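A short worksheet on the structure shown next.
Everything quoted here is computed from the prediction, not taken from an experiment. When a residue number appears, it is its place in the shown sequence, counting from 1. Start at 1 and go down the list; that is how both ligands and their atoms are numbered.
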Amino acid sequence: MKIDWKRTNSLTNFFYDCPSCDLRSEIFLGDFIDKKLQKISAVKANKLDQAVRKGTVKFHEVHGFPALQFRKDVGKIESGTVIYFGKNIEVIRGFPKIRRTLMLSPTLKNHFETEVAVEEKMNGYNVRIASIDHEIIALTRGGYICPYTTKKAPEIMDLEEFFHDNPELVICGEMVGTNNPYVSHYYEEIGDLGFRIFDVREKITNQPLPIKKKRELLEKYHLPPVRLLGIYNVNEAADKVKNIVKNLGAGGREGVVMKDPKMEIPPLKYTSSEAHAKELAYAFTFPFDFARAFFFSRVIREGFQAFEMNESDEKLKKRAHRLGESILYPMLDTIKYVSEKNAAGEDMVIDVENYEDAEKFARHLHSLGVAATIISFKDGKAVIRRLYQSTTDRITNYLGGGLY
Ligand code: ATP
Ligand code: MG
């Protein structure tokens, strides 16, 4: 069902036509913007209207209902926020950005109050799951409904009872595993595909539950939380986290997110050297498809971590090798590959019931501006190839004598 939006000159009264169902409705946003939205932020109608004009806020159709998607922050409303105009108006706020610390000491002591809860940071993609008009939907970071995630999340976990009892809550978690179309990472305890929940938040306010309450609630509904690696006094936290992250890295794992047990202070993230190397290796496989800042920030992380960890010469050398190898080898492999007249690309495997579902997902990728094609479909598994056009084009050009 497609809805054509026809807006009058102000956002406060617009209407939409639904050609397939003969439905014509007028939505009066005035009350919503002036009352409900004002409660959560200082976004005024004209600011929202401006954002719509600029394309920062987009109109969408979700299960036959109109919705607004925030592509960037507007006032206090985070990018990724979605507002549904269904039977009720529902607001699912974007997942807030988590700041990174380059140093554990003195930052943890300065940033947190008395205690720090250390959770494992899982490497996958961010998903918010909510119930809208009794339907469970899964949103990716930008506020898109991902068809694959929406199908898979309820297969992995039994969410019915949770949302029956807590319709006003949003589950925020990481979709992880190897059959993961956005970020594929192997975890021995997960394998193909799994989900780990790190936050439970309120709709509208985006208020997260405190750590203990969150874990109790998840346990009650048999839902899988991320690992809590300890709750430490701020004075000992830096040393503890240093060791935790070294061990996580040695096991090929990403790092930690450190949180105020009451969830009143914003969390901080900190990642392992192995995770930095892995991301660099990935980005240098497709060097012309990533922004330069992506490479630089990962190298900077290594600089500060090497300083703070104060390692033996041998360990430091190992770090230097890891860093250098993650830059050079993947790039060299890709140059070789393209020199043999191949196109740079990445294959991802997804579990789908039929070819149609694979196509649906490929269309979703296209709508995000990602070039991807279905390579094969067999035994419920589809291989989708993502193409990295800039990498192919630029390497081809330089190999042929083009100037840099
Ligand atoms: P951001 O925009 O939040 O900085 P990013 O897209 O660059 O994020 P990351 O560097 O991976 O992503 O770090 C933040 C993300 O880590 C969160 O958005 C979330 O998806 C993920 N994450 C994994 N484990 C946790 C956890 N225990 N607590 C919070 N977030 C977690
Ligand atoms: Mg991540």
- Query: Under 30°, 30 to 60°, or over 60°: which ring-plane class applies to Phe286 and Tyr282, parallel, tilted or perpendicular?
  - Reply: perpendicular
- Glu119 contact mode with ligand 1 (heavy-atom cut-off under 4.0 Å): side chain
- What protein heavy atom is closest to atom 11 (O) of ligand 1, reported as residue, atom name and distance in Å? Lys121 NZ, 2.5 Å
- So which protein heavy atom does atom 10 (O) of ligand 1 come closest to, and at what separation? Lys269 NZ, 2.9 Å
- Closest approach of any protein heavy atom to atom 3 (O) of ligand 1, naming residue and atom: Ile98 N, 3.1 Å
- Message: Under the criterion side-chain contact (heavy atoms from CB on, under 4.5 Å), I'd like the reasoning laid out for Ile92 against Ile132: C-alpha separation, chi angles, the key distance, then a yes or no.
- Response: CA-CA 10 Å; Ile92 317 271; Ile132 305 278; 3.8 Å; yes
- Note on the structure: Of all protein heavy atoms, the one nearest atom 24 (N) of ligand 1 is Met122 N, 3.0 Å
- Item | No-hydrogen, no-angle side-chain donor-acceptor test under 3.5 Å, Ser105 and Glu308 | no
- Task: Taking all heavy atoms of Ile129 and all of Phe163, pick out the closest pair and write down the distance.
- Result: O-CZ, 3.3 Å
- Message: Once salt bridge (Lys or Arg N to Asp or Glu O under 4.0 Å) is applied, do any residues pair with Asp239, and if so which ones, sequence neighbours excluded?
- Response: Lys242
- Item | Protein heavy-atom partner closest to atom 22 (N) of ligand 1 - residue, atom, separation in Å | Phe198 CE2, 3.6 Å
- Between Thr271 and Gln305, which heavy-atom pair has the shortest distance, and what is it? O-NE2, 2.9 Å
- heavy-atom search around atom 18 (O) of ligand 1 in the protein gives Asn126 ND2, 3.0 Å
- Query: Looking at Tyr84 and Ala67, what are the two nearest heavy atoms and their distance?
  - Reply: CD2-CB, 3.7 Å
- Note on the structure: Numbered in order shown, the ligand 1 atoms found under 4.0 Å of a heavy atom of Val226 are 27 (N)
- Message: Taking distance alone, with N or O pairs closer than 3.5 Å, would you say Tyr125 contacts ligand 1?
- Response: no
- Protein heavy-atom partner closest to atom 6 (O) of ligand 1 - residue, atom, separation in Å: Arg141 NH1, 3.4 Å
- Is there a heavy atom in Lys259 that sits closer than 4.0 Å to ligand 1? yes
- Message: Between Thr81 (side chain only) and Arg93 (backbone N and O only), is there a donor and an acceptor less than 3.5 Å apart?
- Response: no
- Query: When you check the side-chain N and O atoms of Asp165 and Tyr221, is any donor under 3.5 Å from an acceptor?
  - Reply: yes
- Shortest protein heavy-atom distance from atom 20 (O) of ligand 1, along with the residue and atom involved: Glu174 OE1, 2.6 Å
- Message: Within the 4.0 Å heavy-atom shell around Phe95, which atoms of ligand 1 are there?
- Response: 17 (C), 18 (O)
